[in-house]
A.B. asks: 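Before I ask anything, here is the structure I am working with.
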There are 2 protein chains.
Amino acid sequence: MALEHAILVSLDERSGSGYELAQRFEKSIGFFWAATHQQIYRTLKRMVGLGWVSCHEVAQDGRPDKKVYEVAEAGREELARWLAAPGEPETIRHDLSVKVRGASSGDAKALIGEVARHRDLHAERLDVYLAIEKKDFPDPSALSGRPLHQYLVLRGGIRAERALVEWCDEVLAAMREDDRR
Amino acid sequence: MALEHAILVSLDERSGSGYELAQRFEKSIGFFWAATHQQIYRTLKRMVGLGWVSCHEVAQDGRPDKKVYEVAEAGREELARWLAAPGEPETIRHDLSVKVRGASSGDAKALIGEVARHRDLHAERLDVYLAIEKKDFPDPSALSGRPLHQYLVLRGGIRAERALVEWCDEVLAAMREDDRR
DNA sequence: GGGTGCAGTGCAACTAGTTGCATAGCCCTA
DNA sequence: TAGGGCTATGCAACTAGTTGCACTGCACCC
């Protein structure tokens, strides 16, 4: 599983609490690896047991105490091992494709609405990604090391969302045309 | 969950046994919804309980008996309901992106090899999809109804794999360039 | 007659992910 | 001062998915 590794990557960029990690998973990291705070807390606990991360409590004023985690030596080794290890492409689970494939078994009109809704959601996400690209990476050719890698992952998100928007448009055009006939 | 619905879609196209379904999930349906035979057998059992599918045993000669499942009335209703119901875009879990993002924490060279391997895997899949497109859908503009929907899903697969291949190429070019400097 | 391989079904144990809820301190506003 | 919202952590119960194995039957080939 890669949640542990996603957490290692995130903590290696910057140490933080479970809560902070959960927020990162809501935005940047979560663009390509989703996780709830429950999963994160549970996994952090396990990782402490494995010796991959260390944890110390930090008292704060004005807000509750927090536990700050940082990557330990064993965690760094595990991360390096995992990075070099071959992995299989993710198993795909795409709801909307199942629905499109099943369209003939239901109300095609209602499905058109659903596809249009997804189209807009993906277009929105695409806009978010493009805005980040513009703001944080104005000159990609100058990038190197960690910022380059972050940029490349963002590029993956942009490509994926764009492909989805275009696919939805293709589906909508074809199904509307088919509906008219 | 959508495995039940993926099975309904598949059985609605053609009734069959768990074993046959597992094979369909290996190829066509599995391109966008992965499932093992274990999951399928277990889910079929549950669906019989729900009254969504009916099951009858068929004796065969030359091979073991099988249980053939077909969609029942309640299953058809459920499928129609689900098709029209709004759903959220899938939560993304993309291993390779996590690795790329973590590249600075390990051996970037080894990761280049891994990205190249994935690039080839996706290129292979893309070729498979393109071959199916050419063979089964030589004249897309003439399509309507079920074949159209199947074609559109295939188009989604083509777009997704192409986007992945192109992204891998972008990553490889940038990381190799960065490595040279 | 023994091995391989495919068709066919399934259990058991495990790992991973989701959902609902609980708790607790502090801030701000109506 | 009561309620809503944010930070912060966590349990319990559930659903979903994976992995390893076990069994049957037949066909085919060496």
Side-chain angles (χ1 to χ4, degrees), chain A residues 1-8 11 15-27 29-30 32-50 53 55-69 82 87-95 98, chain B residues 1-8 11 15-27 29-30 32-50 53 55-69 82 87-95 98:
Chain A
M1 98 127 156
L3 175 55
E4 300 160 353
H5 300 105
I7 289 177
L8 284 176
L11 284 182
S15 299
S17 69
Y19 188 84
E20 284 168 323
L21 277 170
Q23 284 179 313
R24 291 186 219 170
F25 273 80
E26 280 295 294
K27 32 184 192 66
I29 303 274
F32 50 95
W33 198 277
T36 63
H37 77 278
Q38 290 302 337
Q39 260 180 290
I40 291 167
Y41 284 124
R42 198 152 15 98
T43 305
L44 280 171
K45 194 163 285 185
R46 182 154 29 100
M47 289 167 77
V48 171
L50 290 167
V53 295
C55 165
H56 58 277
E57 282 195 42
V58 173
Q60 305 182 99
D61 45 58
R63 40 185 74 174
D65 297 356
K66 64 178 177 180
K67 295 180 180 173
V68 172
Y69 294 87
W82 176 74
E88 287 315 296
E90 301 299 306
T91 55
I92 296 152
R93 288 198 171 123
H94 196 236
D95 247 73
V98 179
Chain B
M1 100 125 159
L3 175 56
E4 299 160 354
H5 300 104
I7 289 176
L8 284 176
L11 283 182
S15 299
S17 69
Y19 188 84
E20 283 168 323
L21 277 171
Q23 284 180 311
R24 290 186 220 171
F25 273 79
E26 280 294 295
K27 31 186 194 68
I29 303 272
F32 51 95
W33 199 276
T36 62
H37 77 279
Q38 290 303 335
Q39 259 180 288
I40 292 168
Y41 283 126
R42 199 153 14 99
T43 305
L44 280 170
K45 195 164 283 184
R46 182 156 27 102
M47 290 168 77
V48 170
L50 290 166
V53 296
C55 165
H56 58 276
E57 282 194 44
V58 174
Q60 304 183 100
D61 44 58
R63 41 185 74 174
D65 296 357
K66 63 179 176 181
K67 295 179 180 175
V68 171
Y69 294 87
W82 176 75
E88 286 316 295
E90 300 301 307
T91 56
I92 296 152
R93 289 198 170 124
H94 196 235
D95 247 71
V98 179

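Quick caveat, the model's predicted, so the values are computed rather than measured. Letters A, B, ... mirror the listed sequences (proteins, then strands); counts begin at 1.
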A.B. asks: Does A/Arg42 or A/Arg63 map to a spot on DNA chain D nearer the 5' end, using the closest nucleotide for each?
C.D. replies: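 First, find each residue's nearest nucleotide; the 5'-ward one identifies A/Arg63.
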
A.B. asks: Closest nucleotide of DNA chain C for B/Val68 versus for A/His37: which of these residues is on the 5' side?
C.D. replies: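 Going by which nucleotide is closer to the 5' end, it is B/Val68.
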
A.B. asks: Mind checking which nucleotides bracket the chain A contacts on DNA chain C, 5' to 3', with an atom under 4.0 Å from a heavy atom?
C.D. replies: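 Extent of the interface on DNA chain C: C/dA16 to C/dC26.
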
A.B. asks: Over all heavy atoms of both residues, which pair between A/Thr43 and A/Glu4 is shortest? Give the atoms and the distance, please.
C.D. replies: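 For A/Thr43 versus A/Glu4, the nearest heavy atoms are CG2-CG, 3.6 Å.
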
A.B. asks: Using OP1 and OP2 only, check whether a side-chain N or O of A/Gln23 sits under 4.0 Å from D/dA8.
C.D. replies: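 Looking at the OP1 and OP2 atoms of D/dA8, neither is under 4.0 Å from any side-chain N or O of A/Gln23.
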
A.B. asks: side-chain contact (heavy atoms from CB on, under 4.5 Å) with A/Glu57: which residues, sequence neighbours excluded?
C.D. replies: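 Counting only residues at least two positions away or on another chain, A/Glu57 forms a side-chain contact (heavy atoms from CB on, under 4.5 Å) with A/Asp65, A/Lys67.
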
A.B. asks: State whether A/Tyr41 places a side-chain N or O below 4.0 Å from either non-bridging phosphate oxygen (OP1 or OP2) of D/dT9.
C.D. replies: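 Yes, A/Tyr41 has a side-chain N/O under 4.0 Å of OP1/OP2 on D/dT9.
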
A.B. asks: State, to 0.1 Å, how close A/Ala6 and A/Phe25 come at their nearest heavy-atom pair, and which atoms those are.
C.D. replies: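 What the structure gives for the nearest pair is CB-CZ, 3.9 Å.
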
A.B. asks: Quick one: CZ on B/Arg42 to NE2 on B/His37, what's the gap to the nearest 0.5 Å?
C.D. replies: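 Between B/Arg42 CZ and B/His37 NE2, I get 10.5 Å after rounding to 0.5 Å.
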
A.B. asks: Which pair of heavy atoms, one from B/Gly16 and one from B/Leu11, lies closest together, and at what distance?
C.D. replies: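 It is N-CD2, 3.6 Å.
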
A.B. asks: Counting only side-chain N and O atoms of A/Gln60, is one of them less than 4.0 Å from OP1 or OP2 of D/dT7?
C.D. replies: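 Indeed not, no polar side-chain atom of A/Gln60 lies that close.
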
A.B. asks: With nearest nucleotide decided by heavy atoms, which residue, B/Gln38 or B/Arg93, maps closer to the 5′ end of DNA chain C?
C.D. replies: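 Checking each residue's closest nucleotide, the 5'-ward one belongs to B/Gln38.
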
A.B. asks: Over how many whole Å does the gap from A/Tyr69 atom OH to D/dA8 atom P extend?
C.D. replies: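 From A/Tyr69 OH to D/dA8 P: 13 Å.
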
A.B. asks: Which heavy-atom pair separates A/Leu44 from A/Gly18 by the least distance, and what is that distance?
C.D. replies: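 The answer is CD1-CA, 3.7 Å.
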
